[in-house]
Student: 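Mind looking over this structure? Questions follow.
Please read these numbers as outputs of a predicted model, since none were measured by experiment. Throughout, a chain's letter reflects where its sequence line sits, starting with A, and its residues are numbered from 1. These values consider heavy atoms only, across backbone and side chains, with no hydrogens, waters or symmetry-generated copies.
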Protein chains: 2
Amino acid sequence: MTIENVSWNKSFGGWHKQYTHHSDVLGCEMRFAIYLPPQIAQGEKVPVLYWLSGLTCTDENFMQKAGAQRIAAELGIAIVAPDTSPRGEDVPDDADGAYDFGHGAGFYVNATQAPWNRNYRMYDYVVHELPALIETHFPVNDKRAISGHSMGGHGALMIALRNPSRYTSVSAFSPIANPVNCPWGKKAFTHYLGNDPESWKAYDSAELMKHNAQPVPALVDQGDQDNFLAEQLKPEALLSAAQAVDYPLELRMHEGYDHSYHFIASFIEDHLRFHAQYLL
Amino acid sequence: MTIENVSWNKSFGGWHKQYTHHSDVLGCEMRFAIYLPPQIAQGEKVPVLYWLSGLTCTDENFMQKAGAQRIAAELGIAIVAPDTSPRGEDVPDDADGAYDFGHGAGFYVNATQAPWNRNYRMYDYVVHELPALIETHFPVNDKRAISGHSMGGHGALMIALRNPSRYTSVSAFSPIANPVNCPWGKKAFTHYLGNDPESWKAYDSAELMKHNAQPVPALVDQGDQDNFLAEQLKPEALLSAAQAVDYPLELRMHEGYDHSYHFIASFIEDHLRFHAQYLL
């Protein structure tokens, strides 16, 4: 498990760094970014917030646009941002280059269908391989939280619901909350998981929440002017599931906000402070 | 002077908006971005910070990466970010597509040499045409401050030094402080202004500061790990000029920081609060 440091920038007294490494799980070279807060200079081991990005994104979008480093530096929390899919010439992609499937659109599942099942195993990468690598190479402790946006909000919620012992808390901006019932989810899950919608439910946050036995505290923010709200995101399905099982979910609707990073930047401080309650 | 709103995003309770308009000064269509803080919803007229970006940038870099909106929203300051040059198929560009001349590299001067003098008049655009347009169309008062990065740091300092009655305060990150003595400046000024270096001095902050009679309070931040520091930026020339005339310049060197937006984001709050002392 070797990693190569390919960029570094001092940021709010800490460091933003990008690394590449060979992923055994994904069968390709991957890049991730990490923000290391200034506290590590004193030999402190810090907890980690994993951030999962949305369709078309890489590790860069969140690190460049969300403005999270300021609060992470204050609180003493590392942030790790993986890419959103396996990449490279040898990794199969959507034949038409669609933005919502293939490269940049791994949907955080383990694909079962050829040819996708050779590389598209982002679930295992995010849940197991990447944290093991982070915890080997960086001064972090074993406290983990997870958050994300849109496709990454789906990933964060779904992963926390399936792995309650591995995460202290979960949050999401504008998540694809019920992918088995929206066009983005149906397209991706059909290709990655096959034609049986029953097999998709293991990756659907609203479905998983209905049967939850070990809740992880959850915060979800959603803008009411988000163009994808009604057709793709469906937070009402998540809210309904949460109410049915008395899940500790706070879902906040924000008047006037859209699906962009302007929305994320406006409320990321709340998310960091929410996770800090459990991480620190 | 009509403007067209081409994008809008709610941000920290205010609005980030992009507009296009025909510039008579530049002879082409231009785009700019404005951040309008929430205070305008109460009918308040707010002051404006103009932000000038560096080589290759558009109106988007600062608005997406600096994280300034949070503080602008708190303080009640609008931010206007113009593009960095005239644009379009009809606007002459560097024959080899170089990043440091032509499109994306207007250097905030009024060109005197053909073929550049037809469009490359960013000085007049930033000092006169754009503020007139902003003050016509938006709920702003007549208090203006100016800031920028790299080529835009040069632009901000030079424009404030030449127009002390128009700006309350000036700040810069990593400015090209002495362009007549660095490769970027010599290349651009030769093309835009001709072969006589004497004619360049009217656009050189270190030169202008030597002869300053009406100082505008100035804050400059510079990272000591900036790859361009020694060859291109030359803050020591600005500091020397300031010391010679007892100019109110605070120049801060920051250990470990580079030329990137990670540096800007780390210290933009200080700049907003510096300008707020004079704008509010």
Student: Sequence neighbours excluded, which residues qualify as ring-ring contact (aromatic ring centres under 6.0 Å, His included) partners of A:Tyr261?
Tutor: A:His149
Student: Given that the side chain runs from C-beta out, which part of B:Trp8 has a heavy atom under 4.5 Å from chain A: side chain, backbone, both or neither?
Tutor: backbone
Student: Measuring from A:Ile264:CD1 to B:Ser11:OG, what's the distance to the nearest 0.5 Å?
Tutor: 12.0 Å
Student: Looking only at heavy atoms, what is the nearest atom pair of A:Phe12 and B:Tyr257, with distance?
Tutor: N-OH, 3.5 Å
Student: Without swapping roles, check the side chain of B:Lys10 against the backbone of A:Glu255 for a donor-acceptor pair under 3.5 Å.
Tutor: yes
Student: So which part of B:Asn9 gets closer than 4.5 Å to some heavy atom of chain A, the side chain, the backbone, both or neither?
Tutor: both
Student: What are the residues of residues 56-73 of chain B, in order of number, with any heavy atom under 4.5 angstrom from a heavy atom of chain A?
Tutor: B:Met63, B:Gln64, B:Lys65, B:Gln69, B:Arg70
